[in-house]
Amino acid sequence: MTDSGTLRVSPVSVRRRETFRERALDRESPLRRLDWVLILAIGGLCTLGALLVWGATKPNQVAHGLDPNAFLKKDILNIGIGLSLAALAALVDYRTIRAYAPVVYVASLAGLVAVLVPHVGTRINGSHSWIPIAAGFEVQPAEFAKIAIIVLMAMLLGEQRDSVDIGPDGRDVWLTLAMCALPVLLILAQPDVGTIMVLGFVIFGVISMSGVSSRWVVGLLVVAVLGALVITHLHLLKQYQIDRLTSFTNPAKDTQGFGYNTHQARIAIGSGGWFGEGLFHGTQTNGHFVPEQQTDFVFTVAGEELGLVGSGLLVILVGVVLWRGLSIAARAGDAFGTLVAVGVVCWFGFQAFENIGMTVGIMPVTGLPLPFVSYGGSAMFANMLAVGLLQNVYMRSRT
Amino acid sequence: MSDRSRLRLIVLRVLVISLLATLLGRLWYLQVLAGPQYQQAAADNQVRDIVASAPRGQIVDDLGRRWATNRTALVVSVDRVALLRQHDGGTTVLTRLSRLLGVSYTNLKSKIQLCGPGAPHGCWNGSPYEPIPVSQLKDDITSTRLALQILERKEDFPGVTAELGAVRDYTKPDGALASQVLGYLAPITLDELKKLPKTQQDARRSDLVGRSGLEQEYDGYLRGRPGVTEVAVDHLGAVTSTLSQTVPQPGDEIVTSLDATVQASLEKSLADAVDRAHHTDVKKGGGPADFAAGVVLDALTGHVVAMASYPSYDPNVFVGGISERDYQALQHAPGTPLLDKAYASAYPPGSTFKLVSTAGLLDDGIASLDGTYDCSPSVTVGGREFKNFESESLGLIDLHTTIVKSCDTVYYGLANKDWIRDNSLIDDKKRPIEGVQHAARAFGLGVPVAVDLPGATSGHIADRNNQKLRWEQTKKDACAGAKRRPKGSYLQQLDQEFCTDGWRFNPGDQLNEDIGQGSVLVSPLQLAVAYAALVNGGTVFEPRLVKAIVAPDGTLVANVRAPVRGHLPVSPAILDYIRNAMYDVPLKGTAQDAFTGFPMGRVKVGGKTGTAEVDVQHGLATAWFASFAGRAGEAKPRFVTVIMVDRGGQGGVVAAPSVREVWDSVFGLEHHKAAFPTGAPPAALPRIAVLTGASTSPSPPPSTHALGDLFGPPGLAVRATGWRPGDD
């Protein structure tokens with residue numbers, strides 16, 4: 001430390017404003033209090049993800065005479081941008097973020113509306129989910145809406161209880177539900193069933209964890225079940241959506257239509273055995289038998305090419321992230337911090353389980369990426385922002 | 001944080017752990033426990049078999065003349081999957097194609113329809129993912145232009161291709177069709193496919209299978225073995241590498257004992273017989289004559305030299321798949337051309353059966369060679385009067401004259417004696433002798449015929465035993481009818497009589513049987529075998545149409561001899577007597593008019609006419625002539641010819657002249673070229689021109705070369721099985 005001598009020489013002088021570097025390396029520095037286990041787990045997931053994306057895309061790129069590493073490069077770029085966003089989200093005090101929660105919320109609503117406007121949003125696979133920005137970059141507002149909803153819910157449900165140890169009353173919950181309904185309805189209009197399911201789980205999780213009475217928890221569960229029944233019985237879903245959701249229950253029935261994806265996905269994973277066939281050596285992957293393999297079905301690459309060892313490691317890394325998230329929720333300095341952490345855990349947890357579950361045939365097929373692993377900018381950025389929030393809460397917690 | 005939240009946080013931790021444990025457990029199951037099974041699935045996923053069908057073997061005559069062969073043709077195929085993906089399900093393209101090819105839209109549509117319940121005839125049985133051949137073009141300039149139109153206007157014909165492929169060709173050597181004998185090919189059915197071993201099913205999915213005649217009987221030899229190339233593919237079915245390859249093995253050639261020249265002559269003589277029947281008054285021995293059939297047999301070897309059924313059809317109508325309408329038309333055409341009446345159905349033989357009854361009556365002692373018998377105008381047995389043909393009366397005559405003049409009343413008298421003798425044996429609790437019936441079975445009548453063709457008839461010979469069996473099977477209806485119908489009506493009386501007495505073998509039954517009427521039914525082939533036994537010294541053959549099976553490289557696979565079914569239990573003296581009597585039939589008997597002026601000095605002809613009454617009301621009869629002939633001076637006549645004209649009239653008037661035409665052609669008489677100049681069929685096997693690939697003509701026309709260059713080598717239709725449509 002070059003500046004220490006100066007300090008000793010003039011002890012009475014007005015304390016000079018510390019440089020960024022000093023602050024960063026200070027014993028009290030938030031950097032010293034980062035959750036390094038979480039960072040390592042995320043790093044592991046991102047590394048595995050980049051390899052799997054590479055494995056999924058390289059054979060096809062080669063076959064078409066394109067840059068074999070194009071997807072790998074873009075994925076690494078996404079991870080880099082994501083890390084900076086995470087750093088940003090971690091450094092700004094979350095209490096400041098809480099103050100801006102309504103702004104974030106309104107901004108995300110605007111994004112969700114924009115995506116539905118013709119000529120602004122684009123339609124991919126029958127749903128309006130993307131806004132093209134420039135030069136082939138597209139933004140998926142629904143990914144960011146997840147963060148907005150978590151932050152807003154944490155603000156609404158955690159506000160009064162910084163000191164008082166009681167749960168929010170019914171009015172708060174109703175208000176929260178009403179505020180959540182807006183983005184949910186907008187996403188339903190895209191339609192993006194997968195994101196709706198994630199949000200439903202997040203909303204339920206955050207409200208339950210906010211300390212409301214058990215009646216609310218049970219009531220919400222009942223409403224969710226009834227809602228699912230009504231949707232399926234009143235034919236509010238299109239037949240293809242129902243087919244897609246139910247094809248996993250009987251995969252042998254239709255191995256060419258909707259069941260085809262899950263059937264091929266299972267063959268890919270099952271054929272991996274203990275150690276897999278090695279990166280770039282999976283016949284299912286190289287023959288392009290599994291569709292959407294660098295995005296929604298990226299886990300099948302892990303299953304086929306890295307085997308039980310690789311795919312199991314991936315599941316365990318996800319588990320570490322979730323476990324650390326819950327620990328952060330438990331030791332957060334205030335209700336806002338707890339609820340943000342719980343919201344993020346619910347998000348990652350449900351999305352990861354649903355994504356891996358659909359590839360191994362125990363969950364219905366929905367278009368959800370595997371956090372930190374699937375290829376895709378918006379999802380990666382949103383995931384990284386959420387990790388930033390977790391670190392933010394961790395750094396500023398009481399012990 | 002409240003205790004409540006703390007508790008719920010613990011619940012959340014448990015939930016996370018259990019969900020992750022679930023995933024790990026599922027992974028363990030998929031990758032370790034079920035791993036091998038999925039590894040197999042992954043291997044199957046990327047391996048496809050491409051099947052190259054083998055050229056079908058040829059069918060040739062005794063001189064090596066091709067009867068059924070293969071030719072290259074431009075085959076127009078439709079990719080059903082590609083068509084269904086079009087916005088209107090391919091209707092526009094199919095309509096356009098039907099206009100270009102000049103066939104109906106429904107015809108095309110039915111050809112690409114997958115076989116299943118309610119599917120039309122000509123439906124597609126192969127894999128739904130491989131191109132379906134819908135039309136074969138001729139090898140001429142116009143057709144070549146058609147193919148080029150399809151290929152050049154790809155945007156107008158998406159999913160349609162034109163390629164060179166091998167198709168069956170029936171070449172009609174010497175003008176001989178032999179349609180029913182050759183048979184035809186049709187796509188393999190789902191049921192047949194399921195019966196095959198699993199490993200063969202994919203390769204044979206779109207196979208053509210012999211459906212009748214020799215094509216069916218020798219299908220296993222003719223078919224050959226398809227070549228299978230195993231390739232690795234990606235998810236779109238694009239080939240990434242070849243894993244293994246077997247080349248197609250062409251089918252074996254079938255050398256028949258049929259002679260195209262004799263066959264052509266027989267076919268023509270049948271047509272002439274029908275014509276003759278039509279142009280002769282019924283009273284003078286003509287008739288409406290719906291159909292006719294004939295057989296020429298080598299009496300010494302049991303090989304069939306010619307076999308025909310009239311009316312016939314062009315066997316090429318089945319090539320490339322017959323349309324539902326054409327098939328129905330053929331099935332319901334007058335004279336049922338698809339049925340071979342020469343061996344697959346039986347008719348009352350009339351007096352030609354007297355060969356059998358004479359031998360039977362002589363053998364069991366009812367008649368004797370030196371006896372004389374009363375040829376009266378009629379005989380009354382059991383209160384019923386049995387008249388002679390045209391109430392002829394010749395007084396006391398010997399058996400020789402009886403045969404030459406075909407006197408029925410002599411047989412009536414003998415049959416009555418026979419019946420009374422058998423009846424008294426039954427009264428004494430002994431077995432009846434039934435000599436005529438025994439003789440009939442020994443001659444191969446009324447018993448299954450083992451010929452190398454599918455669906456041969458056994459015919460029928462009535463005796464006490466099967467009369468009773470039939471009664472037991474059918475009396476229920478008759479007895480019900482006897483109760484139901486108005487009492488005293490004609491039908492009620494018939495039913496009543498059958499219900500109570502139908503089991504009885506009456507004297508009248510024996511009388512009718514001995515002159516080849518009543519319930520006696522034989523096929524022309526059966527009768528030819530019986531007459532061959534008469535002239536060859538008593539050997540009854542199981543007739544054969546095929547002489548040899550030869551591998552494509554010319555090596556002999558098998559020599560086919562007609563097995564001996566048995567020897568007649570009749571003394572040679574009796575056979576000589578009957579044969580000598582029959583030599584007089586064309587000279588001074590019932591076939592005298594038909595053989596006036598025939599050079600008997602060069603070829604000695606014998607035989608027996610038959611006129612079986614089938615419609616007493618209109619005086620219609622089925623005409624027969626069973627004949628044998630050989631060059632004068634030879635010990636045994638070499639050939640037997642039997643011709644039958646259903647409801648054609650009298651045997652001597654309608655059938656015998658046609659047999660004379662056949663003899664003319666066989667021996668080269670009366671301005672005909674001899675089919676067998678030596679008087680016998682060729683002993684040696686013919687040399688067969690070897691087929692290379694599918695091309696048949698020694699120097700293909702230039703257009704074929706040009707197209708070969710255009711569409712790749714003029715090879716075989718290459719197709720892939722187990723194609724999968726892209727994911728959608």
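Numbers restart at 1 for each chain; the letters A, B, ... are given by sequence-line order, proteins then strands.
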Exercise. Pick one of side chain, backbone, both or neither for B:L33, based on which atoms fall under 4.5 Å of a heavy atom in chain A.
Key: neither
Quiz item: Relative to chain B, which of A:G273, A:G349, A:A268 shows the most heavy atom pairs under 4.5 Å?
Solution: A:G273
Quiz item: When rounded to the nearest 0.5 angstrom, what distance separates CD in B:Q39 from CD in A:Q284?
Solution: 11.5 Å
Quiz item: Could you go step by step and tell me if B:R8 and A:S210 meet the side chain to side chain donor-acceptor pair (under 3.5 Å) rule?
Solution: CA-CA 9 Å; B:R8 287 178 190 168; A:S210 67; over 6 Å; no
Self-check item: B:Y105 atom OH, neighbour heavy-atom count above 12 within 6.0 Å
Solution: yes
Practice problem: Looking only at non-hydrogen atoms, find the nearest pair between A:G312 and B:L27 and report the distance. | Solution: N-CD1, 4.3 Å
Quiz item: Between A:S213, A:G276, A:G319, A:A352, which has the largest tally of heavy atom pairs under 4.5 Å with chain B?
Solution: A:S213
Quiz item: So, B:R26 side chain and A:V360 main chain: donor-acceptor pair closer than 3.5 Å or not?
Solution: yes
Quiz item: Can you find a side-chain donor-acceptor pair between B:Q31 and A:S271 that sits under 3.5 Å?
Solution: no
Quiz item: Taking every heavy-atom pair that is under 4.5 Å apart, which of B:V11, B:T22, B:I17 has the most such pairs with chain A?
Solution: B:I17
Practice problem: Over all heavy atoms of both residues, which pair between B:L12 and A:C346 is shortest? Give the atoms and the distance, please. | Solution: CD2-SG, 4.4 Å
Self-check item: Contact leader toward chain A among B:V16, B:L23, B:L20, where contacts are heavy-atom pairs under 4.5 Å
Solution: B:L23
Quiz prompt | Heavy-atom proximity to chain B below 4.5 Å, by part of A:I269 | solution = both
Quiz prompt | Over 12 non-hydrogen atoms of neighbours within 6.0 angstrom of CZ in B:R96 | solution = yes
Practice problem: Determine the minimum heavy-atom distance between A:I267 and B:Y38, stating which atoms define it. | Solution: CA-CD2, 3.6 Å
Quiz item: Who wins among A:G282, A:G205, A:S208 for the most heavy-atom pairs under 4.5 Å with chain B?
Solution: A:S208
Quiz item: Of all the residues in residues 297-304 of chain A, which have a heavy atom that comes within less than 4.5 Å of a heavy atom in chain B?
Solution: A:F299, A:G303
Quiz item: How far does CG of A:L322 sit from CZ of B:R13, to the nearest 0.5 angstrom?
Solution: 11.0 Å
